[in-house]
Amino acid sequence: MVNSQLIGVDVGGTAIKLGRFNPDGTCLKSLTVATPQPSIPEAVLAVIVDAIAQVDPYNQAIAIGVGTPGPADKSGRIAQIAINLPGWQNVPLADWLEDKTGKPTVIANDANCAGLAEAWLGAGRNFHNLILLTLGTGVGGAIIFNGKLFVGHEGAAGELGLITLNPDGPMCKSGNSGSLEQYVSATAIRRLTGQEPWQLGALAAAGDKSALTFWQEYGNCLGIGLASLVYVLTPQAVIIGGGVSASFQFFYPALKAEIERRVMAISRSGLQILPAQLGNSAGMVGAAKLASLLVGNGN
């Protein structure tokens with residue numbers, strides 16, 4: 001229905017992706033615009049408002065969802081921190097957008113949006129309990145519990161990349177030492193190898209032994225971290241997304257073997273480990289789902 005259309009916005013450090021969607025997730029129009037530099041909140045707001053006018057020229061959408069690179073408050077109103085966006089501290093982005101557009105607005109962590117998207121239309125659509133891990137510049141996460149996004153007491157749950165892997169490891173921006181992010185993010189791969197993840201993927205595809213060994217060790221490391229999460233959450237599925245997941249085929253065997261070695265069978269019964277399906281569109285798709293839940297059009 002025309003009067004149930006939704007806007008999903010994915011705010012990143014270099015680009016802002018947004019689309020207008022039907023309630024079933026069909027994208028009617030999408031747009032990618034550059035994130036203004038410096039990306040102070042007021043400048044980003046102006047770009048989002050202009051871009052919304054472009055994807056919804058006839059003002060058909062009834063609600064807006066926004067994913068930002070950091071935790072929102074539990075009410076989905078305030079961007080508490082936005083990683084890689086200067087000056088983003090407790091920004092009332094939902095209020096600002098509602099004032100500019102007249103449409104009800106809700107915000108969430110971008111990884112949570114990706115998790116919602118994969119649970120709705122992607123690799124997680126057949127599961128009610130799953131976790132998403134996004135392996136990108138950092139490592140984000142999302143928890144879908146009994147079919148709903150779990151955000152915890154103050155809205156900041158699901159920072160799966162910040163669990164401790166090695167207490168004596170490198171310092172993390174979170175203040176933790178040796179977090180999972182410090183070993184399996186794209187940034188960590190560059191630090192450890194001096195190469196880009198895509199380069200190591202291409203080398204592995206060509207049969208390069210050192211690259212194949214790297215991905216095996218990477219899978220072991222990721223499996224150790226995931227083992228703790230599986231014990232705590234016992235999900236039906238673990239979805240692996242983000243840019244590093246392009247090499248899923250190379251690290252999956254070691255990842256699977258590590259989990260099977262470390263996790264009791266009862267805690268991983270029926271567990272599936274799957275690559276994400278929605279790619280770079282996951283953030284805006286999940287933000288649209290968030291908007292549908294805000295206005296009562298979601299399941």
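Each residue takes its place number in the sequence, starting with 1.
- No donor-acceptor pair closer than 3.5 Å links the side chain of Asn22 to the backbone N or O of Thr26.
- The hydrophobic cluster containing Leu45 also contains Ile7, counting ILVMFWY residues as joined when their side-chain heavy atoms lie under 4.5 angstrom apart, directly or transitively.
- Side-chain contact between Ile16 and Val47: present, with at least one pair of heavy atoms (C-beta onward) separated by less than 4.5 Å.
- Atom CG of Asp10 is separated from atom CE of Met284 by 8.5 Å, given to the nearest 0.5 angstrom.
- A distance-only check finds no donor-acceptor pair linking the side chain of Tyr183 to the backbone of Leu222 [under 3.5 Å].
- Hydrophobic clustering of Ile, Leu, Val, Met, Phe, Trp and Tyr side chains at less than 4.5 Å, counting indirect connections, unites Leu97 with Val44.
- Here the CG atom belonging to Leu271 is positioned 8.5 Å from the CG atom belonging to Leu274, to the nearest 0.5 angstrom.
- When only modelled atom types and interatomic distance are considered, Ser210 and Asp208 share a side-chain donor-acceptor pair under 3.5 Å.
- There is no path of hydrophobic side-chain contacts, each under 4.5 Å, that joins Phe145 to Leu149.
- With contacts defined as side-chain heavy-atom distances shorter than 4.5 Å, the pair Ser30/Val55 does not qualify.
- At least one side-chain heavy atom of Ser4 sits less than 4.5 Å from a side-chain heavy atom of Pro23.
- Side-chain N or O atoms of Asp56 include one that pairs as donor or acceptor with a backbone N or O of Ala61 at under 3.5 Å.
- Taking both residues in full, the closest heavy atoms of Thr105 and Arg77 are given as O-NH1, 3.0 Å, listed atom of the first, atom of the second, then distance.
- The shortest side-chain heavy-atom distance between Arg125 and Gln277 falls under the 4.5 Å cut-off.
- Here the shortest heavy-atom pairing between Leu180 and Cys221 reads CD1-O, 4.2 Å.
- Salt bridge status for Lys289 with Glu118: absent, with no side-chain N to carboxylate O gap under 4.0 Å.
- No hydrogens or angles considered: nothing links the side chains of Gln195 and Arg190 as a donor-acceptor pair under 3.5 Å.
- Checked by atom type and distance alone, the side chain of Gln236 pairs as donor or acceptor with a backbone atom of Asn129 at under 3.5 Å.
- Contact check for Leu160 versus Ile143: side-chain heavy atoms found under the 4.5 Å cut-off.
- A distance-only check finds no donor-acceptor pair linking the side chain of Tyr231 to the backbone of Arg268 [under 3.5 Å].
- When all heavy atoms of Ala111 and Leu132 are compared, the closest pair comes out as O-CD2, 3.7 Å.
- For the pair Phe250/Leu200, no side-chain contact is recorded, criterion being any heavy-atom separation below 4.5 Å from C-beta on.
- Gln216 and Asn220 share no donor-acceptor pair across their side chains, judged by distance under 3.5 Å alone.
- In this structure, NZ on Lys100 lies 12.0 Å from CD1 on Ile48, to the nearest 0.5 angstrom.
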### Task
Evaluate side chain to side chain contact (heavy atoms under 4.5 Å, CB included) for Glu159 paired with Asn109, printing each intermediate quantity in order.
CA-CA 10 Å; Glu159 292 290 351; Asn109 176 285; 3.6 Å; yes
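- A donor-acceptor pair is defined here as one N or O able to donate and one able to accept, closer than 3.5 Å; no such pair exists between the side chain of Ser185 and the backbone of Val139.
- Going from atom CG of Leu278 over to atom CG of Leu116 covers 11.5 Å, rounded to the nearest 0.5 Å.
- Rounded to the nearest 0.5 angstrom, Ser247 OG and Leu212 CG are separated by 10.0 Å.
- No donor-acceptor pair under 3.5 Å is formed between the side chain of Ser39 and the backbone N or O of Thr35.
- For the atom pair CG (Leu192) and CZ (Phe214), the distance works out to 6.5 Å, reported to the nearest 0.5 Å.
- Counting only heavy atoms from C-beta outward, the side chains of Ile64 and Thr101 approach each other to under 4.5 Å.
- At least one donor-acceptor pair under 3.5 Å links the side chain of Ser245 to the backbone N or O of Gly242.
- The aromatic rings of Trp215 and Phe251 sit tilted relative to each other, their planes meeting at an angle between 30° and 60°.
- Of all heavy-atom pairs between Arg262 and Ala227, the closest is CB-CB, 4.0 Å.
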### Message
For Arg20 and Leu6: C-alpha separation, side-chain torsions, deciding distance, then whether side chain to side chain contact (heavy atoms under 4.5 Å, CB included) applies.
### Response
CA-CA 6 Å; Arg20 176 165 51 91; Leu6 308 154; over 6 Å; no
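- Closest approach of Pro275 to Ala123, counting heavy atoms only: O-CB, 3.4 Å.
- For the pair Ala119 and Leu130, the tightest heavy-atom approach, listed with the atom from each and the gap, is CB-CD2, 4.1 Å.
- Using a 4.0 Å cut-off between charged side-chain N and carboxylate O, Lys103 and Glu98 make no salt bridge.
- Surrounding CG of Asn280 are at most 12 heavy atoms belonging to other residues, nucleotides or ligands under 6.0 Å away.
- The backbone N or O of Gly115 lies less than 3.5 Å from no partner atom in the side chain of Trp120, so there is not a single donor-acceptor pair.
- Contact check for Lys256 versus Pro253: no side-chain heavy atoms found under the 4.5 Å cut-off.
- The main-chain N or O of Asn166 is never found under 3.5 Å from a side-chain atom of Thr164 such that the two would form a donor-acceptor pair.
- No single ILVMFWY cluster, assembled from side-chain heavy atoms under 4.5 Å apart, contains both Ile240 and Leu121.
- For the side chain to side chain contact (heavy atoms under 4.5 Å, CB included) test with Leu133, the passing option among Ile239, Leu226, Val184 is Leu226; the others fail.
- Both Leu233 and Val263 belong to a single network of hydrophobic side chains, linked directly or stepwise wherever heavy atoms of I, L, V, M, F, W or Y lie under 4.5 Å apart.
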### Task
Give the intermediate values and the outcome of side chain to side chain contact (heavy atoms under 4.5 Å, CB included) for residues Leu135 and Tyr218.
CA-CA 12 Å; Leu135 307 173; Tyr218 178 95; 3.3 Å; yes
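- In summary, the side chains of Ser177 and Asp168 do not present any donor paired with an acceptor at a separation below 3.5 Å, with no hydrogens or angles considered.
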### Task
Using the side chain to side chain contact (heavy atoms under 4.5 Å, CB included) rule, take Arg191 and Gln182 through it: C-alpha gap first, then chi angles, then the decisive distance, then the call.
CA-CA 9 Å; Arg191 186 189 77 242; Gln182 295 303 307; 3.5 Å; yes
